[in-house]
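Each residue takes its place number in the sequence, starting with 1.
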Amino acid sequence: MTDTLSAPSEADSRYAWTRLFISLIVSTIGGIGLWSSVVVLPVIEAEFGIDRGGASFPYMATMIGFAAGGIFMGRLVDRFGIAVPVAIAAVMLGAGYILSAFATELWMFVACQALLIGMLGSSATFAPMVADTSHWFLKHRGIAVAIVASGNYLSGTVWPPILQESIAIMGWRDTHIWVGIFCIATMIPLSMLLRRRPQIDQGHAPVARRAAAGPAPASPTALLTILALAGIACCVAMSMPQVHIIAYCGDLGYGPAVGAEMLSLMLGLGIVSRLASGVIADRIGGIGTLILGSTLQCLALIFYLPFDGLVSLYLVSALFGLSQGGIVPSYALIVREYFPARQAGTRVSIVLMATVFGMALGGWMSGEIYDLTGSYEAAFLNGILWNLFNMAIAAWLLFSRFRSGRGLATA
């Protein structure tokens, strides 16, 4: 495959790598919105006198808001560049965390989480940031996308222990106030460093090192829908350990602090997995990386069923982190392989926000299954079934590419 001639002149430049580092910092800070509701889940359950499913609802609302906001922010990126969405996100995160600290009813807390923290805050620091980064790289797009997409995992590694310790010392309300202040104080200056906009090809052909030269397996709308369904399925499966590991450890008698450590371990190794997958993706493309990650994630989920000892849970959580890190970035690469660069912000955001909706759905669904069955075993089985559906879509994409005469090595 020959690199497209319409690639931006600054692709893979020193400035592109510097910009990538700044984007990673922004994504790590702004990604707190994805994890704070997980950490406070047991506290909210006790604070408002609700069951596990009800305590999972703020997380689901946050993720749905995050998904909807990501598409809106993606359109802003296509029109104005990434600096404007990041500046908006800084202000909204600050307002969301500070206002949520004064919530006296569950609906007030949920509103702050969904509208300010999720929809208008953290959403700008994931899919829109991935789309912007993809414009600055061609030869190393796989690893670059993996690095910036690691921001939400790095956020999940750094923030849960900090939040858990802060909540233990000063309570969740004061913790939220300080988080809001920190987001405003750091993200606004960083957004100013991202004001420079990339040169975006305005043609109809994909701009990618491994752009699909053969016909797409479906119409653009159908293909985007199929990719979105795959994203939902993989992340319903992914959400079970990520959202409920803290509560699960509490149920087993290990305590929420141990669960927070497992979540941090899981997401820290997810960064390793994500970076390794980026290197792999530059060699075999997005579809091959999707199949690899989805298969390994399914195996890790199966291992949660027979093992619930403390040491074994640490090991399985580590394996899960190493298995699934590359799945979500692979969708961005597949979009860039099939769709024009001028549509990247919107289309990448749609697909990646579908993965966020999958996290929201899976997080809530697992809580409800727990309430119905009294254990998490059925919830793990539910995740495995959704994972198999995602694997089926990935296999169809691969078969379609081979059928058009293109294997992984020449895709």
- Item | L381 and I369: CA distance, side-chain angles, deciding distance, side-chain contact (heavy atoms from CB on, under 4.5 Å) verdict | CA-CA 10 Å; L381 290 171; I369 291 173; over 6 Å; no
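- Other residues, nucleotides and ligands contribute more than 12 heavy atoms inside 6.0 Å of the CZ atom of F48.
- No side-chain donor from either of Y304 and E377 sits under 3.5 Å from a side-chain acceptor of the other.
- Between M92 atom CE and L99 atom CG the span is 9.5 Å, to the nearest 0.5 Å.
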- Item | Evaluation steps, side-chain contact (heavy atoms from CB on, under 4.5 Å), between L76 and I88 | CA-CA 11 Å; L76 289 184; I88 293 172; 4.2 Å; yes
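- Side-chain atoms of R274 come within 3.5 Å of backbone atoms of A149 as a donor-acceptor pair (strictly under, hydrogens ignored).
- A distance of 10.0 Å separates CH2 of W178 from CD1 of I98, quoted to the nearest 0.5 Å.
- Remark: the backbone N or O of R75 is not paired with any side-chain donor or acceptor of R79 at under 3.5 angstrom.
- Under a 3.5 Å cut-off, the side chain of Q324 and the backbone N or O of G270 do not form any donor-acceptor pair.
- Between I284 and T289, the closest side-chain pair of non-hydrogen atoms falls below 4.5 Å.
- For N387 (side chain) and S294 (main-chain N/O), a donor-acceptor pair under 3.5 Å exists by modelled atom type.
- Remark: side-chain polar atoms of S100 are paired, donor with acceptor, to backbone N or O of G96 under 3.5 angstrom.
- Here L269 contributes atom CG and L319 contributes atom CG; the two are 9.5 Å apart, rounded to the nearest 0.5 Å.
- If you check the side chains of S134 and R336, you find a donor sitting under 3.5 Å from an acceptor.
- Looking at heavy atoms from C-beta onward, I117 lies out of side-chain contact with F66 at the 4.5 angstrom threshold.
- Atom CD1 in I232 sits 11.5 Å away from atom CG in L227 (nearest 0.5 Å).
- Judged as a salt bridge (charged side-chain N to carboxylate O under 4.0 Å, His left out), the pairs with a partner in residues 173-188 (not counting sequence neighbours) are, in order, E47-R173.
- Between Y376 and Y248, the angle of the ring planes goes over 60°, which puts this pair in the perpendicular group of the 30/60° scheme.
- Listed for the D282 side chain is a donor-acceptor partner under 3.5 Å among the backbone atoms of I143.
- Side chains of S366 and H244: a donor-acceptor N/O pair is absent below 3.5 angstrom, by distance only.
- Proximity of L333 to I287: side-chain heavy atoms (C-beta onward) are nowhere separated by under 4.5 Å.
- Judged by distance alone, with hydrogens and angles left aside, the side-chain atoms of E337 form a donor-acceptor pair with the main-chain N or O of G286 at under 3.5 Å.
- Ring geometry for H140 versus W17: interplanar angle of 30 to 60°, hence tilted.
- In plain terms, the two heavy atoms of M359 and C235 that are nearest each other are SD-O, 3.4 Å.
- W386 and F389 have perpendicular rings, their planes meeting at more than 60° on a 0 to 90° scale where under 30° would count as parallel.
- Side-chain contact between C298 and M391 is present, with at least one heavy-atom pair separated by less than 4.5 Å.
- Expressed to the nearest 0.5 Å, how far CD1 of I32 lies from OG of S27 amounts to 12.5 Å.
- No donor-acceptor pair closer than 3.5 Å links the side chain of D12 to the backbone N or O of F137.
- Here the shortest heavy-atom pairing between I246 and P42 reads CG2-CG, 4.2 Å.
- For the atom pair L223 CG and Y338 OH, the distance stands at 7.0 Å (nearest 0.5 Å).
- The shortest side-chain heavy-atom distance between V335 and Y331 does not fall under the 4.5 Å cut-off.
- Side-chain contact between D132 and R19 is present, with at least one heavy-atom pair separated by less than 4.5 Å.
- Nearest heavy atom pair, residue V148 against residue S23, reads CG2-CB, 3.8 Å.
- Looking only at side-chain heavy atoms (C-beta outward), Y97 and I177 stay at 4.5 Å or farther from each other.
- Considering only heavy atoms from C-beta on, I245 stays 4.5 Å or farther from F320 through its side chain.
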- Run the numbers on W35 and Q242 for side-chain contact (heavy atoms from CB on, under 4.5 Å), then give the verdict. CA-CA 9 Å; W35 307 109; Q242 289 189 7; 3.4 Å; yes
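- L313 and D308 make their closest contact through CD1-O, 3.7 Å (heavy atoms, listed as atom of the first residue, atom of the second, distance).
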- Task: Evaluate the criterion side-chain contact (heavy atoms from CB on, under 4.5 Å) for residue pair V77 and V84; output intermediate values, then yes/no.
- Result: CA-CA 8 Å; V77 170; V84 171; over 6 Å; no
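- A donor-acceptor pair is defined here as one N or O able to donate and one able to accept, closer than 3.5 Å; no such pair exists between the side chain of T355 and the backbone of G231.
- Panel note: side chain T125, backbone S122; a donor-acceptor pair is recorded below 3.5 Å.
- When all heavy atoms of P128 and S123 are compared, the pair lying nearest together is CD-O, 3.1 Å.
- The shortest heavy-atom contact between A114 and A61 is CB-O, 3.4 Å.
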